[in-house]
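Side chains included, hydrogens not; waters and symmetry mates left out as well; all remaining heavy atoms used. All residue numbers in this chain count up from 1 along the given sequence. No experiment lies behind these values; they were computed from the predicted model shown.
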Amino acid sequence: MELRRNRGPLVLAVVCVVGGVTVLAVDGDNRFLPTLVAVGAIVLGGVVLLGALRPFRFTIGPDGLDVRRPGLRGTYRWEQFDALALDEPARPDGRPGAPRLLGVPGAALLPGPPATARHPADGRPAIELLDLTQVRQPPDEVAAALARFAGDRFTDARTPVPTGTTGARLGGADVDFTVGLRGYQPDRVDDLVRRSRDALLRGDAARRRAVRADIAHARAGGLPVALRGYHTAQVDAALDQLDAALAGESAPDRESAE
């Protein structure tokens, strides 16, 4: 599985540079502050643009990882890592942060980047291999590929759905939609799954009922179909599980309210 770089920062960089140049090209009085802002925008855009255009490659395969990104370059076999984990470090407000892939160096791994993180399960020093905000693929797809190829070395340590709420974890290898011709549009499905997961984790009864209504509305109107999308039967089964979980989680709240 070859991950594709997220081009969002590239668009922002171009906007900053073009906007800054446009401001500099406009004549007028009292130009000091606009000129200062324009130069700052151009510098910022240029720095982001250079970073976005640097070589990038991240491939997950049967033998290991093939990586080419700033600060990390090489081919790494799975046996060179004692463990790998997909983590969501907590933000200051306590909510999960951006997902990242961590690797605990093994004895066979040559000295390289410093271990700036900790394995979320046991605290062993770990290398940050990838910030998943840098790639287009959703974290669930990346987790599924890692679970498939890295095997027992890999742990999906992202915030789980509480035990007993669903038959699936809604992340990692437990919900692994097959991509094929004429399937459900991935971004629409991903949005429904993400919102359902958030409602199960942090939502009150009203929010869970609202998400259930959104799922019902989306299915009644027909989920959009893409040339390449998620396997429809797999998605339908997952949405059935989510609907049941949201309904079950709402029941205690209704009983306590009564």
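- For residues 181-201, there are no ring-ring contact (aromatic ring centres under 6.0 Å, His included) pairs, not counting sequence neighbours.
- To the nearest 0.5 Å, atom CZ of residue F149 and atom OG1 of residue T59 are 10.5 Å apart.
- Annotation: side chain of M1 is in contact with side chain of Q137 (closest heavy-atom distance under 4.5 Å).
- With sequence neighbours excluded, no residue satisfies side chain to side chain donor-acceptor pair (under 3.5 Å) with D63.
- Residues Q185 and D187 are in side-chain contact: their nearest non-hydrogen atoms beyond the backbone lie under 4.5 Å apart.
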Which side-chain N or O atoms in residues 124-132 pair as donor and acceptor under 3.5 Å with protein atoms at least two apart or in another chain?
| from | atom 1 | to | atom 2 | distance (Å) |
| --- | --- | --- | --- | --- |
| R124 | NE | D122 | OD1 | 3.2 |
| R124 | NE | D122 | OD2 | 2.9 |
| R124 | NH2 | D122 | OD2 | 2.9 |
| D131 | OD1 | T133 | N | 3.0 |
| D131 | OD1 | T133 | OG1 | 2.8 |
| D131 | OD2 | T133 | OG1 | 3.2 |

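- There is no path of hydrophobic side-chain contacts, each under 4.5 Å, that joins L102 to V104.
- Nearest heavy atoms, L246 versus A199: CD2-CB, 4.0 Å.
- With sequence neighbours excluded, no residue forms a side chain to side chain donor-acceptor pair (under 3.5 Å) with R228.
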>> Run L84 and L65 through side-chain contact (heavy atoms from CB on, under 4.5 Å) and show every step you take.
In response: CA-CA 11 Å; L84 296 108; L65 303 173; 4.3 Å; yes
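- Of all heavy-atom pairs between V211 and S196, the closest is CG1-OG, 3.5 Å.
- The line from CG of L3 to CZ of R69 is 12.0 Å long, rounded to the nearest 0.5 Å.
- Pairs engaging residues 57-88 under the ring-ring contact (aromatic ring centres under 6.0 Å, His included) rule: none recorded [sequence neighbours left out].
- Note: T232 OG1 to L223 CG = 10.0 Å, rounded to the nearest 0.5 Å.
- Under the salt bridge (charged side-chain N to carboxylate O under 4.0 Å, His left out) criterion, D214 pairs with R195, sequence neighbours left out.
- At distances below 3.5 Å, not a single donor-acceptor pair connects side-chain atoms of Q80 with backbone N or O atoms of G106.
- Distance check, rounded to the nearest 0.5 Å: CZ of R197 to CG of D190 gives 12.0 Å.
- Contact of the L101 side chain with the L146 side chain is registered, since non-hydrogen atoms from C-beta on lie closer than 4.5 Å.
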Please report, to 0.1 Å, the donor-acceptor pairs under 3.5 Å made by any side chain of residues 111-120, with sequence neighbours excluded.
| from | atom 1 | to | atom 2 | distance (Å) |
| --- | --- | --- | --- | --- |
| R118 | NH1 | G123 | O | 3.0 |
| H119 | ND1 | A121 | N | 3.0 |

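- Nearest heavy-atom pair, D82 versus P105, reported as atom, atom and distance to 0.1 Å: OD2-O, 3.5 Å.
- The side-chain contact (heavy atoms from CB on, under 4.5 Å) test applied to A206 returns D204, R209, not counting sequence neighbours.
- For D66, the salt bridge (charged side-chain N to carboxylate O under 4.0 Å, His left out) partners are R57, not counting sequence neighbours.
- Linking ILVMFWY side-chain heavy atoms closer than 4.5 Å, directly or via other members, places F154 and L109 in a single hydrophobic cluster.
- In this structure, the salt bridge (charged side-chain N to carboxylate O under 4.0 Å, His left out) partners of D240, at least two apart in sequence or on a different chain, are R219.
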